[in-house]
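Written out below as structure tokens is the structure these notes cover.
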Amino acid sequence: MENKFRKWFGEKRGRAALEVFKNKGWVTYYAGDLEEAKKTLFETCLPKGVSVGLGGSETLAALDILPVLRNGEYKLFDRYNCPDHFEVCRDSLLAEYFLTGANALTMNGEMVNLDCSGSRVAAMAYGPRHVIVVAGVNKLVNSIDQAIARAKSIAPMNCKRNNHKTQCAQTGLCDEACFEACNDLSRMCNHLLITYNAKKFAGRFTLILVNEDLGF
């Protein structure tokens, strides 16, 4: 059963965060639920016919966007159905649009992401002309330190999801012992990107913030 007070809090906090992101150069949209977020994405943010790259994201999976992206109206760099994952991710750096989730967003208008291969954070930082981030209000924290801590705290779930042979995938804990135990091939926490603002290229970053708990 939906908690009306949690929804109220999520909307107030979400809209306040969006105002800060907007002032930092982001194009911003508020969505009350997944259905509204999906409608905003395909009817407002993503033109038909463009090339699209993807970052691995449980939030995007919850949106169930792959059937739409695979219907022939987009040129999809499909990381989930390809003979060479590395090459598809590399090609995605030149996509017109890149769709992704986020590990954490701060109330000060910053975005924090922790990556394994770096393909996702590379596309966020530079390459695609447009980056669309879809995130639930559960990703909101108060500071960069809290954002980094959040990214690390969810790393065990991402390791388990991607079958990484890390200690945290067994224990569920991301700590110093886990970091030291990971060898070069199994380590997931390799690239940390902090996006402080989006003013360098006006209109490049779009944030669709959804008033639901999404992803990890």
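Note that the numbering runs from 1 along the sequence shown for the chain.
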Show me the donor-acceptor pairs within less than 3.5 Å that the side chains of residues 123-131 make with the rest of the protein, sequence neighbours left out.
none

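Residues Phe77 and Val50 fall into different hydrophobic clusters, defined by Ile, Leu, Val, Met, Phe, Trp and Tyr side chains chained together at heavy-atom separations under 4.5 Å. A continuous path of ILVMFWY side-chain contacts below 4.5 Å connects Leu34 to Leu69, so both sit in one hydrophobic cluster.
For the pair Ser51 (side chain) and Glu96 (backbone), a donor-acceptor distance under 3.5 Å is present. Remark: the backbone N or O of Leu114 is paired with a side-chain donor or acceptor of Arg120 at under 3.5 angstrom. No donor-acceptor distance shorter than 3.5 angstrom exists from the side chain of Glu11 to the backbone of Lys7, with no hydrogens or angles considered. Between the Asn23 side chain and the Val20 main chain, no donor and acceptor come within less than 3.5 Å of each other. A donor-acceptor contact shorter than 3.5 Å is absent between the side chain of Asn211 and the backbone of Asp33. With Asp115 contributing its side chain and Ser117 its backbone, the two residues share no donor-acceptor pair below 3.5 Å. Distance alone, capped at 3.5 Å, is enough to place a donor-acceptor pair between the Ser57 side chain and the Leu60 backbone. The main-chain N or O of Val27 is never found under 3.5 Å from a side-chain atom of Lys22 such that the two would form a donor-acceptor pair.
Note: Tyr29 OH to Ile208 CD1 = 8.0 Å, rounded to the nearest 0.5 Å. From Tyr30, atom OH reaches atom CD of Glu36 across 7.5 Å, with rounding to the nearest 0.5 Å. In this structure, the separation between CZ on Phe205 and NZ on Lys200 is 13.0 Å, given to the nearest 0.5 Å.
Trp8 belongs to a hydrophobic cluster whose remaining members, ordered by chain and number, are Phe9; membership requires side-chain heavy atoms of ILVMFWY residues under 4.5 Å apart, directly or through intermediates.
Paired with Leu209 under the rule side-chain contact (heavy atoms from CB on, under 4.5 Å), one option of Val134, Leu214, Leu140, Val133 passes, and it is Leu140.
You'll find the side chain of Leu76 stays beyond 4.5 Å of the side chain of Asn81, heavy atoms only. Within the 4.5 Å cutoff, no side-chain heavy atoms of Val112 are placed close to those of Val141. For the pair Leu54/Thr100, no side-chain contact is recorded, criterion being any heavy-atom separation below 4.5 Å from C-beta on. When side chains are defined from C-beta on, Val52 does not count as touching Phe98, because their heavy atoms never get closer than 4.5 Å. Between Asn103 and Lys139 there is no side-chain heavy-atom pair separated by less than 4.5 Å. Looking at Thr44 and Lys39, their side chains never come closer than 4.5 Å, going by heavy atoms from C-beta outward. Tyr196 has its side chain out of reach of Met111: every pair of non-hydrogen atoms, C-beta onward, lies at least 4.5 Å apart. Asn113 places none of its side-chain heavy atoms less than 4.5 Å from the side chain of Ile194.
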Legend entry - Residue pair Leu99, Ile65: steps toward the side-chain contact (heavy atoms from CB on, under 4.5 Å) verdict: CA-CA 10 Å; Leu99 309 183; Ile65 64 173; 4.0 Å; yes
Legend entry - Verdict with supporting geometry, Tyr74 and Val68, side-chain contact (heavy atoms from CB on, under 4.5 Å): CA-CA 9 Å; Tyr74 302 91; Val68 181; 4.2 Å; yes
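No more than 12 heavy atoms of other residues, nucleotides or ligands sit less than 6.0 Å from atom NZ of Lys75. Taking a 6.0 Å sphere around OH of Tyr80, one finds it holds more than 12 heavy atoms contributed by other residues, nucleotides or ligands.
Residues Glu87 and Arg90 are paired through a salt bridge, judged by an N-O separation under 4.0 Å between the basic side chain and the carboxylate.
Minimum interatomic distance between Met107 and Ala16 (heavy atoms only, all atoms of both residues): CE-CB, 4.2 Å. In plain terms, the two heavy atoms of Ser119 and Arg79 that are nearest each other are OG-NH1, 4.5 Å.
Partners of Lys24 under the side-chain contact (heavy atoms from CB on, under 4.5 Å) rule, at least two apart in sequence or in another chain, are Trp26, Glu110, Asn197.
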